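Here the structure comes first, spelled out in structure tokens, and everything after it is commentary.
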Amino acid sequence: DTGVSQNPRHKITKRGQNVTFRCDPISEHNRLYWYRQTLGQGPEFLTYFQNEAQLEKSRLLSDRFSAERPKGSFSTLEIQRTEQGDSAMYLCASSFRTSTSTDTQYFGPGTRLTVL
Amino acid sequence: AQSVAQPEDQVNVAEGNPLTVKCTYSVSGNPYLFWYVQYPNRGLQFLLKYITGDNLVKGSYGFEAEFNKSQTSFHLKKPSALVSDSALYFCAVRDLNTGFQKLVFGTGTRLLVSP
């Protein structure tokens with residue numbers, strides 16, 4: 001049984017560059033979430049997919065951020081024109097939708113982004 | 001809007017002693033509450049959750065949590081702490097009445113268990 005995987009685990013980039021992260025959910029999990037965690041804070045919700053449909057987006061997800069889940073399996077999160085304020089841990093989680101919608105989110109190890 | 005408060009940045013306890021990590025929440029509807037643990041440079045590990053039913057919820061690694069509706073609290077407890085329990089603990093809430101799936105997390109409490 002494999003958990004949620006994320007790649008890369010670490011990314012260092014220069015300000016203004018674009019970066020893309022990948023998340024592979026637990027097999028057969030139909031829901032996928034992205035969160036961002038900065039130092040000393042709890043994770044903050046960014047966006048959520050059910051299958052390939054993006055159903056919720058936080059206002060934290062500025063127009064420089066885009067997330068996709070094209071076939072309802074893995075997901076990518078792209079940040080364009082990175083800024084130093086984007087430096088954070090980006091966490092992916094997945095869950096299996098239940099009939100009562102009381103599913104549990106399981107998190108991956110995260111991708112740590114450092115913008116120089 | 002949903003919110004979670006973890007009033008203690010750090011909790012110190014000696015190995016073998018009971019531990020409590022506090023959490024209070026605010027939702028307009030029915031709460032769906034979670035505890036997660038985070039080890040250094042790792043993602044979050046699910047410990048336990050409360051939806052409805054018995055107010056005392058048992059989870060992984062001997063942890064349990066007590067839901068108190070009148071005090072809007074969901075404190076994490078363990079009867080006997082281990083040094084290996086030292087980590088960062090997060091409480092999270094989802095409002096079941098909103099239909100939204102996002103979890104709202106507290107700022108975390110660092111647990112330090114001394115030998």
Side-chain angles (χ1 to χ4, degrees), chain A residues 3-7 9-10 21 23-26 29-51 53-61 88-112 114, chain B residues 1-10 21 23-25 27 29-53 57 59-60 65 67 76 87-110:
Chain A
V4 178
S5 61
Q6 293 187 245
N7 288 288
R9 294 292 306 277
H10 303 274
F21 310 140
C23 171
D24 287 88
I26 293 171
H29 275 193
N30 48 15
R31 288 177 165 172
L32 187 147
Y33 313 78
W34 286 99
Y35 291 81
R36 181 173 70 184
Q37 185 180 21
T38 54
L39 203 60
Q41 299 296 318
E44 295 176 290
F45 172 80
L46 292 177
T47 190
Y48 143 67
F49 291 85
Q50 181 163 303
N51 300 312
Q54 189 173 19
L55 298 183
E56 290 177 37
K57 287 174 64 173
S58 164
R59 53 188 163 81
L60 290 176
L61 213 66
M89 176 80 89
Y90 289 84
L91 295 167
C92 176
S94 70
S95 70
F96 182 77
R97 182 183 183 276
T98 63
S99 58
T100 55
S101 198
T102 54
D103 33 326
T104 298
Q105 297 179 27
Y106 294 93
F107 284 80
T111 295
R112 182 168 294 283
T114 302
Chain B
Q2 310 149 243
S3 66
V4 169
Q6 293 183 244
E8 301 154 317
D9 290 336
Q10 182 163 311
V21 182
C23 170
T24 58
Y25 66 90
V27 296
N30 293 318
Y32 184 21
L33 292 154
F34 296 82
W35 277 101
Y36 286 87
V37 60
Q38 187 174 37
Y39 295 97
N41 298 314
R42 301 282 298 276
L44 277 71
Q45 276 182 248
F46 168 72
L47 280 179
L48 50 81
K49 66 182 180 183
Y50 171 84
I51 306 171
T52 187
V57 179
S60 307
F67 173 69
L76 181 70
L88 192 54
Y89 290 80
F90 289 97
C91 182
V93 68
R94 179 157 80 82
D95 187 336
L96 283 171
N97 289 36
T98 64
F100 293 122
Q101 300 302 314
K102 71 174 186 180
L103 292 179
V104 173
F105 286 84
T107 52
T109 298
R110 186 166 301 282

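Quantities reported herein were computed from a predicted structural model and do not represent experimental measurements. First the proteins, then the strands, lettered A, B, ... as listed; each starts at 1.
- Looking at every heavy atom in both residues, A/L91 comes nearest to B/G43 through CD2-CA, 4.1 Å.
- Interface remark: B/F100 contributes backbone and side-chain atoms alike to the contact with chain A (heavy atom separation under 4.5 Å).
- B/F105 CZ to A/Q41 CD: the interatomic distance, rounded to the nearest 0.5 Å, is 13.0 Å.
- Of all heavy-atom pairs between A/D103 and B/Y32, the closest is O-OH, 3.1 Å.
- Inter-residue side-chain proximity for A/Y48 and B/L103 is flagged as unmet; no heavy-atom pair is nearer than 4.5 Å.
- Inter-residue side-chain proximity for B/Q101 and A/F45 is flagged as unmet; no heavy-atom pair is nearer than 4.5 Å.
- Listed here is the closest heavy atom pair of A/F107 and B/L44: CB-O, 3.4 Å.
- Contacts of B/Q38 with chain A are made by side-chain atoms alone, with heavy-atom separations under 4.5 Å and no backbone atom involved.
- For the residue pair B/F90 and A/G42, the shortest heavy atom distance occurs at CE2-CA, 3.3 Å.
- For A/E56, the part lying near chain B is the side chain, with the backbone staying farther off; criterion is any non-hydrogen pair under 4.5 Å.
- More than 12 heavy-atom neighbours from other residues, nucleotides or ligands sit within 6.0 angstrom of OH on B/Y39.
- Only the side chain of A/Q37 has a heavy atom closer than 4.5 Å to any heavy atom of chain B.
- Remark: the backbone N or O of B/K102 is not paired with any side-chain donor or acceptor of A/Y35 at under 3.5 angstrom.
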